[in-house]
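As the structure is a computational prediction, the values presented were derived from the model and not from experiment. FYI, side chains are in, hydrogens and waters are out, and symmetry mates aren't considered; it's all heavy atoms of this structure.
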Amino acid sequence: MRMVDLIEKKRDGQELSTKEINFIIEGYTRDEIPDYQVSALAMAIFFKDMSERERADLTMAMVHSGDTIDLSAIEGVKVDKHSTGGVGDTTTLVLAPLVAALDIPVVKMSGRGLGHTGGTIDKLEAISGFHVEIGKEEFVKLVNEHKIAIVGQSGNLTPADKKLYALRDVTATVDSIPLIASSIMSKKIAAGADAIVLDVKTGAGAFMKTVEDAGELAHAMVSIGNNVGRRTMAVISDMSQPLGAAIGNALEVREAIATLRGSGPKDLEELCLALGCQMVFLAGKAASLEEAEEKLREAIRSGKALDKFKEFIANQGGDASIVDDPGKLPTAAYQIEVPAKSAGVVASIVADEIGTAAMLLGAGRATKDSEIDLAVGLMLNKKIGDKVAKGESLVTIHANRENVAEVIEKIYANITIAEQAAAPTLIHGIVTE
């Protein structure tokens, strides 16, 4: 088998066989196939696409390129959730304890963030003492006994994907549905869950800018999951503005606590229920999405979800008293209001640019070596469709320095006030196949 023949085959729009895909991924992982040939193949895939079978084969070849996590010792249907990213995306902090409160094992392997704010692990480390460095035996024990644990990502999951992703980044082949879908799904499948729920974002703060592109990616990932024996569903959700009100690590933990109490932002609660009811349904704990949603609402009303969050924090070394006293979380030295310059209705909030404003405060990493300030960030006091009076606060800046002129400038440049505007649709669709 010669790589040049396989490049030519895909260039001409033909399907690669399972054996050929395995040859490519195995050879590339072992450094036997050079970057320039894999770059050529990635460009051929970019233009000629892949069939559903090819996408599933590529995904599984990347899964088997490194370690896989065996979670068979955990009882029940293990569910996981993945978001394609966004600004103020606090869903994992709410969803994991909420779903676990219904005796469903939630297995989550999360990373640190590079961008607007920290990743899920950074957010959780705003809680004093909380740690994710737990071994496999302890992880299995925690999930079996308490239905929830979150650990850091293993170093040798899907090494082929890491190599291919870095190559795509410098060869203008990132925006390829089969390559994006197989990249995401290979990591989820290698992490060992039985069922996977995907939150595919669309809008200014998302990777997929249009609903159509987000829908295509959602269908591709759900198809891969179902084709390789993982029950998979997806929600297409809006990221034209930040989700919820908080953008920043400790601020998002506070918001998660409020949401588990039933007093969080309505859009965050709505999305968590939409994702959570899929997790409950796929776990076999409800006969319909409607029944699943009612069970989740009851877990919030009864306080079971909040109790599970406390239990989860304590089990991983964290100070669970922050749930009843969020004032113990890291707090910024300065709170600076950004007043509206005119009256009207908020017409747009450019999510990714507002996220960048939070990063300028230190809420996120500009590079892998950047230090995160867990206390800082932004609180949105107005969302799209909200009325605002002149002088009323649009945003509260939480900062550890007095001079935040560049942050204020970016906020004003990316929040538009008009005479009228309507709130965007939050859930654009649910994909099951």
- [ ] For the pair Thr202 (side chain) and Val211 (backbone), establish whether a donor and an acceptor sit closer than 3.5 Å, ignoring hydrogens and angles.
- [x] yes
Open item on the list: Can you tell me how far apart NZ (Lys162) and CG (Asn156) are? Round to the nearest 0.5 Å.
Closed with: 6.5 Å
Task: No-hydrogen, no-angle side-chain donor-acceptor test under 3.5 Å, Asn381 and Thr396 - done: yes
Open item on the list: Let me confirm one number: the OG-CG distance from Ser186 to Asp161, rounded to the nearest 0.5 Å.
Closed with: 4.0 Å
TODO: Look only at the side chain of Asn249 and the backbone of Ala363, and say whether a donor-acceptor pair between them is shorter than 3.5 Å.
DONE: yes
- [ ] Please examine the side chains of Met233 and Val222, heavy atoms only from C-beta on, and report whether any two atoms are closer than 4.5 Å.
- [x] no
Task: Nearest atoms (heavy-atom pairs only) where Ser182 meets Ile224 - done: N-CD1, 4.0 Å
Open item on the list: For Glu409, I'd like to know if atom CD has over 12 heavy atoms of other residues, nucleotides or ligands within 6.0 Å.
Closed with: no
- [ ] Give a yes or no answer on whether the side chain of Ser393 reaches the backbone of Val395 with a donor-acceptor pair at less than 3.5 Å.
- [x] yes
Open item on the list: Quick check against the 3.5 Å criterion: does Asp267 have a side-chain atom that pairs as donor or acceptor with the backbone of Gly244?
Closed with: yes
Task: Atom pair CD1/CD1 of Ile427 and Ile236 - distance to nearest 0.5 Å - done: 10.0 Å
Task: ring pair (Phe, Tyr, Trp, His ring centres under 6.0 Å) against Phe130, all qualifying residues, sequence neighbours excluded - done: Phe312
Open item on the list: Closer than 3.5 angstrom, by distance alone: can the side chain of Lys163 be matched with the main-chain N or O of Tyr28 as a donor-acceptor pair?
Closed with: yes
- [ ] Count the heavy atoms of every other residue, nucleotide or ligand shown that sit under 6.0 Å from OH of Tyr165, and state whether that count exceeds 12.
- [x] no
- [ ] Give a yes or no answer on whether the side chain of Glu291 reaches the backbone of Ala287 with a donor-acceptor pair at less than 3.5 Å.
- [x] yes
Open item on the list: Between Asn315 and Ile148, is there a side-chain heavy-atom distance shorter than 4.5 Å?
Closed with: no
Open item on the list: Salt bridge or not between Glu145 and Lys141? Use side-chain N to carboxylate O under 4.0 Å.
Closed with: yes
Open item on the list: Looking at Glu298, I'd like to know if its CD atom is crowded, meaning that more than 12 non-hydrogen atoms belonging to other residues, nucleotides or ligands lie closer than 6.0 Å.
Closed with: yes
Open item on the list: Is it true that Lys108 and Thr120 share a donor-acceptor pair across their side chains at a distance under 3.5 Å?
Closed with: no
Task: Residues, nucleotides or ligands: over 12 heavy atoms within 6.0 Å of Lys383 NZ - done: yes
Task: Thr210 vs Glu216, side chain to side chain contact (heavy atoms under 4.5 Å, CB included): CA-CA, chis, key distance, verdict - done: CA-CA 10 Å; Thr210 69; Glu216 189 180 350; over 6 Å; no
Open item on the list: Quick one, Ile25 with Met62, criterion side chain to side chain contact (heavy atoms under 4.5 Å, CB included). Give me CA distance, side-chain angles, the key distance, then yes/no.
Closed with: CA-CA 7 Å; Ile25 296 302; Met62 293 198 292; 4.3 Å; yes
Task: No-hydrogen, no-angle side-chain donor-acceptor test under 3.5 Å, Ser223 and Asn227 - done: yes
- [ ] Go through the steps to decide whether Met50 and Ile21 satisfy the test side chain to side chain contact (heavy atoms under 4.5 Å, CB included), and finish with yes or no.
- [x] CA-CA 11 Å; Met50 295 181 104; Ile21 290 171; 4.3 Å; yes
- [ ] Report yes or no: does Asp194 contribute a side-chain atom to a donor-acceptor pair with the main-chain N or O of Lys78 at less than 3.5 Å?
- [x] yes
Task: Arg230 side-chain N/O to Ala193 backbone N/O, donor-acceptor pair under 3.5 Å - done: yes
Task: Main-chain N/O of Pro265 paired to Glu269 side chain as donor or acceptor, under 3.5 Å - done: no
- [ ] Kindly give the heavy-atom pair with the smallest separation between Ala358 and Leu378, and that separation in Å.
- [x] N-CD1, 3.9 Å
Task: Criterion salt bridge (charged side-chain N to carboxylate O under 4.0 Å, His left out) on Lys308 and Asp103, from CA distance to verdict - done: CA-CA 10 Å; Lys308 183 60 70 174; Asp103 289 326; 5.4 Å; no
TODO: Give me the one residue out of Ile150, Val99, Asp80 that meets side-chain contact (heavy atoms from CB on, under 4.5 Å) with Val106.
DONE: Val99
TODO: Grab the two heavy atoms, one from Leu426 and one from Leu271, that are nearest each other, plus how far apart they are.
DONE: CD2-N, 4.0 Å
Open item on the list: A side-chain contact here means heavy atoms from C-beta on lying under 4.5 Å apart; do Ile397 and Ile411 qualify?
Closed with: yes
Task: Cationic N near anionic O, under 4.0 Å, Lys81 to Asp199 - done: no
Open item on the list: For a side chain to side chain contact (heavy atoms under 4.5 Å, CB included) check, start with the C-alpha distance between Ile69 and Leu157, then their side-chain angles and the critical distance, and finish with the verdict.
Closed with: CA-CA 9 Å; Ile69 297 175; Leu157 286 186; 4.2 Å; yes
- [ ] Salt-bridge test for Arg297 and Glu294: reply yes if a basic N is under 4.0 Å from a carboxylate O, no otherwise.
- [x] no
Task: Under 3.5 Å donor-acceptor, Asn400 side chain and Ala333 backbone - done: yes
- [ ] Answer yes or no: is there an ion pair linking Lys410 with Glu406, defined by an N-O contact shorter than 4.0 Å?
- [x] no
Task: Side-chain donor-acceptor pair present, Ser83, Lys201, cut-off under 3.5 Å - done: no
